[in-house]
Every structure is written in C-alpha cells, then in structure tokens.
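What follows is a set of notes on a single structure, which appears directly below.
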Amino acid sequence: MNEEKIASGAELHPTLDGVTYKYGTAGFRTKADVLDPVLFRVGLLAALRSLHQNGKAIGVMVTASHNPEEDNGAKIIDPMGDMMDQTWEGPATQLANTNNSSLVAKLKELVEMFSISFDAKPVVIIGKDTRNSSESLAKACMDGCSALGATCLDLGVVTTPQAHFVVRCTNDASYGVPTVEGYHDKLSNAFKTIFKLSGASTPIELTVDCANGVGAPQFAVLLSKLKNELNVSLVNDGTNGILNLNCGADFVKVNQTYPQNVDAVGEKRCASFDGDADRLVYYFNNNGTFALLDGDRIASLVALELQTLVKAAGLQFNIGVVQTAYANGSSTKFIKETAQLPVALAKTGVKHLHHKALEFDIGVYFEANGHGTILFNESTMQAIKQAHPSTEEGKRAVEILNAYLDLINQTVGDAISDLLFVEAVLLLNNMSAESWHKNYTDLPNKLMKVKIKDRSVVTTTNAETTCLTPDGMQAAVDEHVAKYASARSFVRPSGTEDVVRVYAEAETKEEADALALDVARSVWTIAGGVGDKP
C-alpha cells in the first residue's frame, strides 16, 4: 500500500466539516455537492474489496436512482453482480467519515480487519448515470482506485443493471459477454426467440417514459436490435426535461397518475423506468381511469407464468415469491391462492429481497415500487437446460424457460430486462393490460413521506411492519388502524432520504387516504417532524 500516493490523492478531495455520511440500502446517497471526498473513499474501498476477493472485479455505480437531479450517490457491486456484502457496510460508513489525516490509518485497520493480501491486482468497473455531477464524482472514485493501484474500467453512462451485468460477466464468463453490447445482444436474442415462438407477425406497441434518465439512450440501442418485434415510443428521454421531475416510475407509483408527456389512449400499454432504469411500473387508461400495474402485479404475473411452464415441462422446483410490507394484500392473496405459491416477507431494500429469494430454486422478488427480478439457482438452470420432455407442450415450455433464463437479468432489478420479460409473458398468453389488471383488485392504498429531524430515531422489526421506537409510535399506528375494517398501516425510516415513509391500506380510497394522513400526523408529532405538519 503506497501511503504517500493515498495521502496525495486525498488532498485533491478534501473532507467537509459538519457532514456525516452513511452507507444505506442504496449505498451512499445525498446532495451531490458534498460527495467528492466520499467517492474518493468509495474508490479506495472498492479496490480493497477487490483485493479481498483475490483480484475479482468489483463494481461502482455513481447514481442516485429516482432521487432529484441535485442528489447523487454511489453503490458498490460485488463479484457476482449482487450488492456489496453487508458486513462491509459499517466499514464503508466509517471510511467515508474519516478525515484525510487519519485515512491511511483507517485503511490499515480495514486491511487487518478483513485479512487483506496485496498479492492480487485489484480491478474496479465504474459506471455513471446522466446527472451533471456524475462525471466529476466518477473521476473522484477513479482517483481512489488508482491510489491503491487498481485497474479501472470506465463503462461511461450506463444503467445501474448494466453495470451489475458487466461485473458479473467479468467474473463469470458463463453468464455473458462482459460489455454493454454483450448485455444488449443477450437480451435482444432471447426476446427474438420468444417472439418467434409466439407466432406473432406484427411488432408490439408500447409507450415508455424514461424519467429523463439513462434508460432512454440505452433502451434505444436495444430497440434498434428489435425493430421487427417492438415498436416503442420513448418519452421523457432527457432531450428537454429534468431527471425524475414529474416523470419516472417513482412519480407514477407515488402519485398514482400519468407522468408528463404521456398521453394514455385506449388500452395501449405504457411503462415507466426510474432515473437509473432499475425500477419498472406499467399503467393504462382503463375506461377513463388511471390503472397502475406495479411491482406486485409484475411479481404475480411472472410467478404464475413460471409455475405454469414448470408444470408443463414436467419439472419440479421450489418456486417462491418474496415481497415487502408494501405489497398490496390482494397480490399476496392471488399468489397464494391462484398461483398456489408460497410468499416470504423481507425488509424493504433489494439486498434483503435478493437474499431471501436465494432460499428458493426459483425466487421471484419485486418491491411494489417496481424494483425486482427472478433468481434461478445453478441446479435449476442446469435442469431446465438438460430437460427433454416427451410431449410437444413440454418441449415448448422448456424452450420458453431457456429463453427466459437469458432474458432476465438475475444480478439485480432491471427495468429494461423486466419490461422485456413482461412483454414476453403477455405475448405468449395473448394478454392485454386490461386482462392482466383483472387478475385481482388492489386494496386502495396511500404512500406518504414525513420529514423529521433525525430519521434514525425510528426503528422497526418484523420485516418493518412493527415500529419499536420512538415510544408510543406503534401504539398510535394501531389506534388509527383500529378505526377501519380490513386496514393496515406501517411506518419505516427511508434508507435513501431524510424522511419517514408511511403506508396505509384499507377497503376504500377515502379510508386509505384518511388513515395515511392520521398516521403521518402522528409520526410528525411523536418522531420530531420538521416543516409544516401533514
């Protein structure tokens, strides 16, 4: 470890007084103008993580996902394309808050803590989104990597899932070609296979809101390879709009309405990505009413499809669906009773759902916000590839399953991959947005955010459905819920913003709205709200 190089590098990225950072659910995320010293340290940490993994490539994605344009952040990607091992999150936070004078000593401490050897050459792959701040922050990260002698691969402007994909392929050649082009080829070829199996002769028509983010240019490249299969109108493509402002998956989900520049006519399907294209929601005009097809509905659709195909192929797998407390109660009932599949509950955050999904042979996980994917374990993938059913129905099912293995990005939730998967399911089953929507009727629900002085005062348990602190918070929630039949509500601190999130569900929209407001007001009062009371 070249201490002089680290020290001189750190001088170019001075620490800021009075600013505290935390590696949370989505890595580091805050205002972009205070992140420069953090990104230098992220580069150092990524290089250390690569050394700890004997020189395997580690990824860094510079993004703040669905957050406003003025925010930014960074998340570290482990060798198999999954999120960084949770045991490194605490040290990441410590390193980010270490001043320059103590930086070398802290790095030595981490080297000893994780028994890191310097025998291998560290490799770090860096991607960034379209924010104005991302270029300089990515450069700060590269400076950190270089200070520890790492080889840096700059992917340029990519979606978060593409960065995860390239990292996985770099370390596991069997998963694909480790380039963005390799990503586009793998997904487009799989979709072409499914389109051919469907017997369709005309391209699928779709409108996609790209949140004025990186999803637009990257999806455009993929669509150029699928001209005969998809006819997609891209809106909010970043040419003259602001990232995530009045558009994108989060805006649509939270506000239960169309994004700007989307004119939903008839039953034409519309979809929205978020800013870094790892979330997907669908919606359509249902006889004059906005109808949302969120992550719960995507999970329900694909779980039933996989269950049907596996049975048709004569295969036996343990298939399960992982949800969070945000999942609509009707979706959980549909999965259990119609798809006849088990549902497991996990804490909010892709890392928690991903970990839980690994317990199944085929694990489907989607948060209600549209972030999710499907995991097939190694033995399941091999069984599908080696299956030779005797019936024509079974053979077709195996062909489709094999195409699905390539179509889904198993490393992380991926809006582009998930969209192609949904379109494949709808096409093969001759389903419209309306028929998909009729699978079940959502219980009305309401999401709210409450700004408080310190979000850490709110702690939860039972997969975030029960509030432990502050005192009296859970009792207040219970009291409000008791006013309504078949209602539920919970509160949890955000992992990405300085807010507490409130969810309420009830039999009518009026009851759900009233319950959410009552709970939000209690949060503001009990947990130390700032600004105007809800």
Side-chain angles (χ1 to χ4, degrees), residues 175 186-200 204 229-230 280 282 293 295-323 331-332 334-344 357-366 372-411 413-414 416-433 435-440:
Y175 195 71
K186 184 176 182 179
L187 268 60
S188 60
N189 289 335
F191 193 79
K192 285 178 181 178
T193 297
I194 289 169
F195 194 86
K196 184 176 181 181
L197 286 170
S198 75
I204 298 166
E229 293 80 18
L230 289 170
L280 169 74
Y282 273 82
L293 296 154
D296 294 341
R297 293 206 180 254
I298 295 172
S300 303
L301 178 75
V302 302
L304 182 58
E305 167 78 348
L306 292 169
Q307 174 81 315
T308 302
L309 289 173
V310 166
K311 284 184 177 179
L315 298 169
Q316 290 187 334
F317 299 129
N318 177 24
I319 307 174
V321 179
V322 183
Q323 295 185 318
S331 73
T332 307
F334 177 86
I335 293 166
K336 288 180 176 179
E337 297 182 3
T338 302
Q340 296 187 325
L341 291 171
V343 175
L358 290 170
E359 296 177 9
F360 298 97
D361 296 334
I362 302 177
V364 178
Y365 74 83
F366 278 87
T373 188
I374 305 163
L375 304 181
F376 299 80
N377 68 24
E378 187 62 35
S379 61
T380 298
M381 289 190 288
Q382 290 303 316
I384 291 171
K385 292 173 182 178
Q386 295 169 8
H388 296 287
S390 57
T391 66
E392 290 304 312
E393 180 189 20
K395 291 176 183 177
R396 176 181 167 82
V398 168
E399 280 189 273
I400 295 170
L401 284 169
N402 272 303
Y404 280 167
L405 290 179
D406 283 342
L407 191 60
I408 198 68
N409 183 353
Q410 295 190 53
T411 64
D414 183 340
I416 293 174
S417 167
D418 292 342
L419 181 142
L420 294 178
F421 201 102
V422 167
E423 291 302 324
V425 174
L426 297 179
L427 179 66
L428 290 169
N429 292 278
N430 194 28
M431 292 177 69
S432 64
S435 57
W436 175 16
H437 191 257
K438 286 180 178 177
N439 277 349
Y440 60 83

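These numbers were taken from a predicted model, which means no experiment stands behind them.
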Practice task
Give the intermediate values and the outcome of side chain to side chain donor-acceptor pair (under 3.5 Å) for residues Asp414 and Asn409.
Solution key: CA-CA 6 Å; Asp414 183 340; Asn409 183 353; 3.0 Å; yes
Practice task
Please report the C-alpha distance between Thr332 and Gln323 in whole Å, then the side-chain angles of each, then the deciding distance to 0.1 Å, and finally whether the side chain to side chain donor-acceptor pair (under 3.5 Å) criterion is met.
Solution key: CA-CA 8 Å; Thr332 307; Gln323 295 185 318; 2.7 Å; yes
Exercise for the section: Evaluate the side chain to side chain contact (heavy atoms under 4.5 Å, CB included) criterion for residues Leu407 and Lys186: first the C-alpha distance (whole Å), next the side-chain angles of each, then the deciding distance (0.1 Å), finally the verdict. Expected result: CA-CA 7 Å; Leu407 191 60; Lys186 184 176 182 179; over 6 Å; no
Practice task
Please test Asn402 against Lys385 for side chain to side chain contact (heavy atoms under 4.5 Å, CB included), starting from the C-alpha separation and ending with a verdict.
Solution key: CA-CA 6 Å; Asn402 272 303; Lys385 292 173 182 178; 3.4 Å; yes
Practice task
Walk me through it: do Asp418 and Ile374 pass the test side chain to side chain contact (heavy atoms under 4.5 Å, CB included)?
Solution key: CA-CA 9 Å; Asp418 292 342; Ile374 305 163; over 6 Å; no
Problem - Derivation and outcome, side chain to side chain contact (heavy atoms under 4.5 Å, CB included), residues Leu375 and Ile362 - result: CA-CA 6 Å; Leu375 304 181; Ile362 302 177; over 6 Å; no
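Between Leu405 and Ile384, some side-chain heavy-atom pair lies under the 4.5 Å cut-off. Here the side chains of Phe366 and Arg297 are not in contact, with every heavy-atom distance at 4.5 Å or above. No side-chain heavy atom of Val302 sits under 4.5 Å from any side-chain heavy atom of Tyr404. No side-chain heavy atom of Asn377 sits less than 4.5 Å from a side-chain heavy atom of Phe317. For the pair Leu301 and Val422, the minimum side-chain heavy-atom distance is below 4.5 Å. Residues Leu426 and Phe421 are not in side-chain contact: their nearest non-hydrogen atoms beyond the backbone lie 4.5 Å or more apart. In this structure, the side chains of Thr338 and Asn439 stay at 4.5 Å or more apart for every pair of heavy atoms. For the pair Gln410 and Met381, the minimum side-chain heavy-atom distance is below 4.5 Å.
Every residue two or more places apart in sequence or in another chain was checked for a side-chain hydrogen bond (donor to acceptor under 3.5 Å, both in side chains) with Asp296, and none qualifies.
Scanning all heavy atoms of the two residues, the minimum distance from Ala424 to Ile194 falls at CB-CG2, 3.7 Å. Taking every heavy atom of both residues into account, Leu341 and Ile319 meet most closely at CD2-O, 3.6 Å. Annotation for Leu315 and Leu401: closest pair CD1-CD1, 4.5 Å, computed over non-hydrogen atoms. For Val425 against Asn429, the heavy-atom pair with the smallest separation is O-ND2, 2.7 Å. Shortest non-hydrogen contact noted between Val398 and Ala387 is CG2-CB, 3.9 Å. Minimum interatomic distance between Ala312 and Ala397 (heavy atoms only, all atoms of both residues): CB-CB, 3.9 Å.
Atom CG of Leu230 is separated from atom CG of Leu427 by 9.5 Å, given to the nearest 0.5 angstrom. Going from atom CZ of Phe360 over to atom CG of Leu358 covers 10.5 Å, rounded to the nearest 0.5 Å. Put simply, CG on Leu309 and CD on Gln307 are 10.0 Å apart, with the number rounded to the nearest 0.5 Å. Atom OG of Ser432 and atom NZ of Lys438 lie 7.5 Å apart (nearest 0.5 Å). Distance check, rounded to the nearest 0.5 Å: OG of Ser300 to CD1 of Ile335 gives 4.0 Å. Note that the CD atom of Glu423 and the CD atom of Glu229 stand 12.5 Å from one another [nearest 0.5 Å].
Between Glu399 and Arg396, no side-chain nitrogen of the basic residue sits less than 4.0 Å from a carboxylate oxygen of the acidic one, so the salt-bridge criterion is not met.
Within 6.0 Å of atom CD in Gln382, more than 12 heavy atoms from other residues, nucleotides or ligands are found, so the atom counts as buried in its surroundings.
Under the 30°/60° scheme for interplanar angles, the aromatic rings of Trp436 and Tyr282 are found to stand perpendicular.
Judged by distance alone, with hydrogens and angles left aside, the side-chain atoms of Thr380 form no donor-acceptor pair with the main-chain N or O of Phe376 at under 3.5 Å.
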